[in-house]
Amino acid sequence: MNADYDPEDIETRWQSTWEAQGVYRAGAQGGEPYYLLEMFPYPSGRIHMGHVRNYSIGDAHCRYLRMKGFDVLHPIGWDAFGMPAENAAIKNNSHPGKWTYANIKEMRDQLQRMGLSYDWDRELATCHPGYYRWEQKIFLEMLERGIAYRSKQWVNWDPVDQTVLANEQVVDGCGWRSGAPVEKRELESWSIRITDYADELLSDLEQLDQWPDAVRAMQRNWIGRSIGARIDFPMDGADDLEPITVFTTRPDTLLGCTYMALAAEHPLALELARRAGTQEAVSAFIEQVQADKSAAGHGDIKEKKGIFTGMHAQHPLTERKIPIWIANFVLMDYGTGAVMSVPAHDQRDFEFARTYGLDLIPVIQPPDLEAPLEADTMEAAYEGGGTLFNSPGFDGLDFEAAKTAISEKLKASQRGGPTINFRLRDWGVSRQRYWGCPIPVVYCDNCSIVPVPDDELPVELPQDVSFSGAGSPLADHPTWKHVECPQCGGPAVRETDTFDTFWESSWYFLRYLDPRNESQPFSPEAVQKWFPVDHYIGGVEHACMHLLYARFFTKFLADAGYFETREPFTRLTTQGMVIKDGAKMSKSKGNVVDPNEIIDRYGADTARLFMLFAAPPEKELEWNPNGVEGSYRFLRRVWRLGLAAAEVEETDLPENLSKGDRDLRRSTHWMLKKVGHDIEQHLHFNTAIAAIMEHMNAVSSSGLGGDLKVHPAVAREAMVCSVQALAPFAPHIADELWFKLGGEKPLITCPWPEVDEEAAAADEVTIAIQVMGKLRGTVQVPAGASKDDILAAAKGDANVQRHLDGKTIVKEIVVPGRLVNFVAR
RNA sequence: GCUGGAGUGGCGGAAUUGGUAGACGCAGCGGAUUCAAAAUCCGCCGUUGAUGAGACGUGUGGGUUCGAGUCCCACCUCCAGCACCA
């Protein structure tokens, strides 16, 4: 009679039933809307354990919320543009789209085998023109509002992927995808003024109180707001040149400035050298710096090097002559690419000055030092605070007051003033690749940059391309780029760069709301109903790229009038990595476990259960084959007990329950309460599942399947509730048993069981008894026992008496339901 | 260096936020069942002690408290992100 647990049979049957009944469709049941989203996958070909974990977490939450009566939107799609498709196309001499769609099909099958609760009607692929036409439109709105601009600038060039990278995409000086050392190139390209939103992106982090602190901190660092001053240094003896502007956080040390340093890429570097006649040496130095950077792979500079340009600036307050140097440690990417050097109070400047024999002028006196700082005896820069000296007009001021005083003075004489500087740079979005969304502009000799008119969108990628050449197939295409200028009708050429693929993922969560809309990117009604995303789940590696861009897009779209919401993701969960043998799973380490094999062997329910049980979502998860086996063993146990319960006669709960009945009912309802609580409070599925396991131990002890020691109705209830509680984690086996126990609709469409608080409450509690804070015994008392009764019972304990013997109790502490502590002398 | 986080049995991890440290699972040990195996079931399982009483025990050292894994001070180690950021 007892068929063995056969996950494959159960899972395929339920997956088709669910699909046939459309139980996952958003709006299928009504209820309060809830938008639950996991980061969509790149269709690389196969899903990996990281995906399985990510989607198991999201699915468990989704199923729980559905049972709690929410109308959950839970969509899935494909982040389908990107380099791997193009590389595969080059290798196989085929088309990236072919590779991409084949992978999507493969991965869709895999996800469906996991039995995930997605609304597949909303599936989207970002490489589809029906998707990307709307991001072209959004770009044109950015262009119109001055948020998108084209400029010639120094960019990060990935020599392997043959494309430009944004700052965020350079990791340790290497391309985030290719791993190749990044080079600096000067290119015409498109940028997005994300820096216009720097302040808001920073300050709104405050309100994201359901985001992990780590992610907020990373974004805060990334945006890098610092308060300081902008200071203009006029040129000495070259009146036709603009002053050199620097940014400093220490305007109080301005009088200690003895030289200036420019980045090698600074536009004035060569110009100054040309005027001073040091061109040859300086350009050799600049080339050396560039070569060192490429060779080191990183921005890692071993020793500080520099060269004097031969030119001088004037100190903005004293008009003293300030030599202008070029130095390898000055970054063009930060501030203005030029710094004022105060060697007495900045360690880098100090080292540089000592190397090249430059002057030191100490101007801040440390508060705990009696003798004044002296240039000749200093062994390191003093970077702390103190009182100003050697600073005519500011001597005696505290350094903090001096920051303001000097900034204001500069402002008054129009030589700078207080300012706030950000580390965040504008977002360079041009990519010299084919498999991306075309940037919808054309270049016309008469009209310059012309946006593609709305009725000509989307600008589609041509299908007939060859990947033989080194550059972009779009640039090499014989006809595609040649068009009539939309403005003057003359000959024009299309932009052949495509967008950074982070462009697609910056707004896909909005397209899900209305994925087939052909007249707008999404309807206001859909946004009104679902946006923002209530809970977003994904990997922490996107903390500073995707999540920052998505926040920016949302703010821009709000400003463009699409909606009011200014933050896209209310709650964020960043799940930990799946590791094996202490290391991230990777082909090179040979420690990859293929989800397919696990599902073949144990079924999806076991794989999911293990992933949720082994660790809370935000922690790393160590893949443990024995642990998987344990989860499988548990489900088999549930299966047997479930079948046994289905055999038990169906009756009402009796009026009078035996102690055994009450104990099992307490276990049942305590478990339900605990599962609900753990999911709602912290998404701690691991402790929720532990509670179900604990309860199953109690069910097992009740004799179910053998000599039943409890009332049949109590035993049935115990199993029915277990199956319901298990539904978010192992949905297939849960539905199968649910139907065997008399259920008529899939559990995801059924309400979460009510906790019977009375049954869940204990009628007896164990009180710990301490003497002087040390545990000396325990005692069982009725749940509502009075303090006096508890104390009496505690004093009755033989061991406690032994420890109190010969002592006087000076204090009795009673924590109701918990413990008693006797303080005795 | 800066920022964020974490240190609990052989392992993954619990501990209602100041109240019996080690739930649940894995591994291990012992037993039942079996001709045997698989599967299943029961018991033990921080260290020490003897199966008892006890002592010790949540990275280290102090402190607050009747009572500290939890709070305070100082330190150590590990992980992650950023890093010559002016």
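Proteins come first, then strands; the chains are lettered A, B, ... in the order of their sequence lines, and each starts at number 1.
A salt bridge does not link A:Glu383 with A:Arg250: every distance from a Lys NZ or Arg NE/NH1/NH2 to an Asp or Glu carboxylate oxygen is 4.0 Å or more. The residues A:Arg354 and A:Glu351 are annotated as not salt-bridged, no charged nitrogen and carboxylate oxygen being separated by less than 4.0 angstrom. The residues A:Asp4 and A:Arg636 are annotated as not salt-bridged, no charged nitrogen and carboxylate oxygen being separated by less than 4.0 angstrom.
Both cation-pi conditions hold for A:Arg423 and A:Trp222: the charged atom is under 6.0 angstrom from the six-membered ring centre and inside a 45 degree cone around its axis.
A donor N or O paired with an acceptor N or O is not found under 3.5 Å between the base of B:C26 and the side-chain atoms of A:Asn626.
For the residue pair A:Arg637/A:Asn697, the side-chain donor-acceptor check at 3.5 Å is satisfied.
The CD-P distance, from A:Glu541 to B:C82, rounds to 12 Å in whole Å. Rounded to whole Å, atom C1' of B:A68 lies 13 Å from atom CG of A:Leu819. Between A:Leu621 atom CG and B:A6 atom P there is a gap of 18 Å when expressed in whole angstrom units. Distance, A:Asn624 CG to B:C26 C1': 6 Å, rounded to whole Å.
Here the side chain of A:Ala615 is nearest to one of B:G13, B:U20, B:A14, namely B:G13. In the set B:U20, B:G4, B:C24, B:U20 carries the atom at the smallest distance from any side-chain atom of A:Leu775. Relative to the side chain of A:Lys774, the nucleotides B:C84, B:A55, B:C66 differ in distance, and B:A55 lies closest. Proximity note for A:Asn821 (side chain, C-beta onward) versus B:A83, B:A27, B:C66: the nearest is B:C66.
Along RNA chain B, the nucleotide closest to A:Arg636 and the one closest to A:Met332 are compared, and the more 5′ of them pairs with A:Arg636. The nearest heavy atom of RNA chain B to A:Glu622 and to A:His803 marks one nucleotide each, and the one closer to the 5' end goes with A:Glu622.
Here A:Arg633 reaches the OP1 or OP2 of B:C26: one of its side-chain N or O atoms lies under 4.0 Å away. Phosphate contact (OP1/OP2 of B:C85, side-chain N/O of A:Arg348, threshold under 4.0 Å): present. A:Arg776 has a side-chain polar atom (N or O) that falls below the 4.0 Å cut-off from OP1 or OP2 of B:A55. The side chain of A:Arg423 contributes an N or O atom lying less than 4.0 Å from OP1 or OP2 of B:A83. Considering only side-chain N and O atoms, A:Arg637 lies nowhere under 4.0 angstrom from the phosphate OP1 or OP2 of B:A39. Contact between the side-chain N/O atoms of A:His684 and the OP1/OP2 oxygens of B:G13 is not found at any separation under 4.0 Å. Residue A:Asn697 places at least one side-chain N or O under 4.0 Å from the OP1 or OP2 atom of B:G25. Note on A:Asn686: every side-chain N or O is 4.0 Å or more away from OP1 and OP2 of B:G25.
Ring geometry, A:His315 versus A:Phe233: the interplanar angle exceeds 60°, so the pair is classed perpendicular (tilted spans 30 to 60°). Ring geometry, A:His345 versus A:Tyr382: the interplanar angle exceeds 60°, so the pair is classed perpendicular (tilted spans 30 to 60°).
Stem regions for RNA chain B, each three or more consecutive Watson-Crick or G-U pairs with both distances under 3.5 Å and listed by first number, read B:1-7 with B:76-82, B:10-12 with B:24-26, B:28-32 with B:40-44, B:46-48 with B:54-56, B:59-63 with B:71-75.
If you look at A:Phe329 and A:Phe352, their ring centroids are closer than 6.0 Å.
Within 4.0 Å of A:Gly224, counting heavy atoms only, lies no atom of the nucleic acid at all. A:Asn799 comes within contact range of the sugar-phosphate backbone alone, with a heavy-atom separation under 4.0 Å but no base atom that close.
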